[in-house]
Amino acid sequence: MSGPLNQTALELSALQQMAEMLASSIGLEELLGRCIDLTLQVAHAPAGTLYLYDPHREQFRRVAVRNVPEEIAPIALPSDSLTYAPSGPWMLDIATLAPQGHPIILAAQKHGFEQVLLLPLRRHDKAVGFFGIHFFVASQIAESTMHTMEAIAGYEAIAIECAQARRQLELRAELASALREFGERANQVESEPELRALILKTALQISRSDGALLCQKSDDTLRVIATAGHTAPSVGDTLPLSAPSADDSTTPVVIEDTARAIAENRAMGPLELLLRTKGAAALLALRLDGPGQWRGHLIATSSAPREYESEEIEAFRILGSMLAQHLERTSAHREILRQKMEFDQIIEQLPILVTIVDPDGKLVHANAAAREFKTIMNGKPMNVLWPERAESHRYFHTDGSPFPSDELPIARAFRGEHPDPTEMIISTADGSRSFTVLALASPLPMLGAESQPAAARFRVVCAMQDVTKLRELANAKERFLSIAAHELRSPIANLSATSSMVEVDPTQLEDPKRRGELFNRIRRQVGRLQKLVDELLQSARSGSAQLSLNLEPVDVKQLCLEMINQCRSSAGSIEFEFSADPESLCGHYDLDRIGQVITNLLNNAVRYSPSGGAIQVRLRRSGGNVRLEIEDHGIGVPTDCLGRLFMPFFRAPNAIANNQAGLGLGLYITAQIVGHHGGTVSVHSLEGSGSTFTIELPLLESAPAGSR
């Protein structure tokens, strides 16, 4: 009685333990171990194996053993392995069934067992798994024990199903959290190395692997660009492309045991074979796609064979999809950044001033030309074209009249208008600097500001071009036309009058004296016309590369004396005072052109000096240069005209008022000739107190290269 009673007590205890396990929430691995221990205890069996059904692979996989030698990897049995087994426990004789080749029997026979008790685990008429309870010798199990084990199997099926469901939920939650964290952080990282590290960290998390590597496609190879964890390939290693991995962009390539796959002669791509030689015993490989192109592979590796759960494989696939989307966004973002950089470079190099201003007056952007203009305008804040905040500037129309603040381009742009380009004058408050600019302002609507007042709805982009020189040239052109018309009218009128006189009274030509007077008058007017034409031609040549120099040794002291003697004949009562260093002052110059320069300056001094005045001409050495100064005590030059004195067609107002003829080209031609010789010309003058023109020319030992 004690035996059956003890067995019954054991069975009741086992059922109680199963009830406790159902009520608890222990992990799946611990649950499987306790299930197999409890079953062996009730069956009084020495060894056992627990198989669970994997619906994704449609096979039974060994997940736990007791006293059965482990193989390299868990045994996988096809889904029809139990088609011969009944629904309840069934004792199988190994010697009888072995010849039929049943996988379970063959596996048990391999380890020397004589009998196997199959205990199917079923739930809702579906196979959850089964126990293989092994006996080294034939065993008899009481019918009550078989019923108890069948009841235990039912409880175990429920417990395993619950534990698996709970584990799946936990795993999915964990993987979802890892993917969500990746999605959030991937949009925040700024550097490529940081992004690669995040990718590999996430790959390790979701695949539960001990190594990961990121490969970049290059022609027919994959180059390792980043690694994490325990992985044999190193950064810079080159791997041949794997055909299975390369052909499918959505499904990861799964190799759970590369050694076993090789032993079973299963097809493996070069990538998996090489990774095996590098120490990767199991791997997940996924092709990474970018916008319209194959970019590389993400690979998770394990140093030992292992099983990848369906959730892990799916999460790995989702990670690849997220990476593809991120790469597409990143590619688009980089293209936008590239275009922005190119645009910024173009704007930065423009000679036009470009600024962007917020409604509150904050300067958002200013290019190099705008920053330089700020410096020119005494370093004041860049408030140009900003009426209410431009205390340091004044605005005028080109005719000099004040520009109304509410009509300035920026004021109109902040009202949402698109004003036409406007030419205006900007000057500092003290009038020390002024510029003529062509200004344009356009509104830039701000997102989300539609409900704001008009003045707060827009940023404004302002563009300005300094057209001061263009305006001066235009003014010079107008002056030239006016002066040329005036200067040409006089000799043409004289020639016309002379010809009319001869036409009316041809007998004047019979008188030799009268004929000589008429011819002299014609020659003077023709000479005057010739001089005007020559000045115009020389002005055009001087401003270009067409001015050629015929250099030869020139004694500057002797040349000055000759030019002074020529000017004395037309100087009237004006005296010349000449002083020079006693040493020889010689250089290589174009004799005719330097003579023209000296003559121009001497004639100007005579023209603007009072009768009976004196002109001082001083010549001396200054370092490696010869320095010529010509000083008069005439009408002088207004201070605001000094900067434009050497511009073509410019004439100071007091010179025009003094009824002095000329095109305003003499000083311009002088400056061009001196410049072509490598010298400089300058002026110091006070209106009403005379002027001093200074020329410095290098005392060349030989003719400069390229001269002729």
Side-chain angles (χ1 to χ4, degrees), residues 527 530-571 574-607 609 614-632 645-648 662 665-684 691-708:
Q530 184 66 47
K531 181 181 178 183
L532 292 174
V533 172
D534 287 345
E535 283 189 351
L536 290 173
L537 289 175
Q538 191 165 2
S539 169
R541 291 171 181 167
S542 298
S544 67
Q546 298 180 15
L547 184 66
S548 60
L549 302 178
N550 183 23
L551 300 181
E552 57 182 303
V554 174
D555 184 335
V556 183
K557 188 184 303 184
Q558 183 63 35
L559 181 61
C560 284
L561 289 173
E562 291 178 6
M563 298 299 103
I564 290 173
N565 289 332
Q566 287 183 13
C567 288
R568 277 198 173 103
S569 61
S570 59
I574 296 176
E575 295 293 329
F576 290 90
E577 300 174 1
F578 178 70
S579 62
D581 288 347
E583 61 181 297
S584 175
L585 297 173
C586 295
H588 282 81
Y589 311 114
D590 186 308
L591 178 64
D592 291 338
R593 296 192 185 281
I594 294 300
Q596 180 184 359
V597 166
I598 297 173
T599 299
N600 281 347
L601 295 180
L602 289 175
N603 285 336
N604 275 354
V606 169
R607 186 181 306 170
S609 291
I615 297 173
Q616 286 81 35
V617 180
R618 296 181 288 272
L619 187 67
R620 64 178 185 274
R621 176 185 287 272
S622 176
N625 297 332
V626 58
R627 182 183 180 94
L628 172 65
E629 295 179 352
I630 298 177
E631 181 181 2
D632 66 68
L645 201 58
F646 296 98
M647 292 179 62
L665 290 174
L667 291 179
Y668 170 71
I669 294 172
T670 295
Q672 294 298 311
I673 293 175
V674 172
H676 277 74
H677 279 81
T680 61
V681 59
S682 59
V683 60
H684 174 74
S691 305
T692 301
F693 287 85
T694 302
I695 293 174
E696 287 201 18
L697 293 169
L699 287 170
L700 301 176
E701 298 298 330
S702 60
S707 64
R708 57 188 179 93

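Position 1 is the first residue of the sequence, and the numbers go up from there. Because the structure is predicted, anything quoted here is derived from the model rather than measured.
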Can you see which heavy atom on [X] is nearest to which on [Y], and at what distance?
{"X": "Pro698", "Y": "Asn625", "result": "CA-OD1, 3.3 Å"}
{"X": "Thr692", "Y": "Arg618", "result": "CG2-NH2, 4.3 Å"}
{"X": "Ala671", "Y": "Phe646", "result": "CB-CD2, 3.9 Å"}

What distance separates [X] [atom1] from [Y] [atom2], expressed to the nearest 0.5 Å?
{"X": "Arg627", "Y": "Glu696", "atom1": "CZ", "atom2": "CD", "value": "5.0 Å"}
{"X": "Ile615", "Y": "Phe576", "atom1": "CD1", "atom2": "CZ", "value": "4.5 Å"}
{"X": "Ile630", "Y": "Leu602", "atom1": "CD1", "atom2": "CG", "value": "4.0 Å"}
{"X": "Phe693", "Y": "Leu645", "atom1": "CZ", "atom2": "CG", "value": "5.0 Å"}
{"X": "Leu628", "Y": "Leu585", "atom1": "CG", "atom2": "CG", "value": "10.5 Å"}
{"X": "Leu697", "Y": "His588", "atom1": "CG", "atom2": "NE2", "value": "14.0 Å"}

Taking distance alone, no hydrogens or angles, what donor-acceptor pairs closer than 3.5 Å link side-chain atoms of residues 558-567 to residues at least two apart or in another chain?
{"from": "Asn565", "atom 1": "OD1", "to": "Arg568", "atom 2": "NH1", "distance (Å)": "2.7"}
{"from": "Asn565", "atom 1": "ND2", "to": "Leu561", "atom 2": "O", "distance (Å)": "3.2"}

### Query
Do Tyr589 and Val626 pass the side chain to side chain contact (heavy atoms under 4.5 Å, CB included) test, and can you show the C-alpha distance, the side-chain angles, and the key distance before you say yes or no?
CA-CA 12 Å; Tyr589 311 114; Val626 58; 3.6 Å; yes

### Query
Is there a side-chain contact between Arg607 and Asn604 (heavy atoms, below 4.5 Å)?
yes

### Message
side chain to side chain contact (heavy atoms under 4.5 Å, CB included), that's the test. Do Ile695 and Leu601 meet it? Break it down for me.
### Response
CA-CA 10 Å; Ile695 293 174; Leu601 295 180; 3.3 Å; yes

### Query
Counting only N and O atoms by type, is there a donor-acceptor contact under 3.5 Å from the side chain of Asn550 to the main-chain atoms of Asp590?
no

### Asp555 (side chain) donor-acceptor with Cys586 (main chain) under 3.5 angstrom
no

### Message
Show me the pairs that pass salt bridge (Lys or Arg N to Asp or Glu O under 4.0 Å) and involve residues 575-588, at least two apart or across chains.
### Response
Glu583-Arg621

### Message
Quick one, Leu591 with Glu552, criterion side chain to side chain contact (heavy atoms under 4.5 Å, CB included). Give me CA distance, side-chain angles, the key distance, then yes/no.
### Response
CA-CA 7 Å; Leu591 178 64; Glu552 57 182 303; 3.7 Å; yes

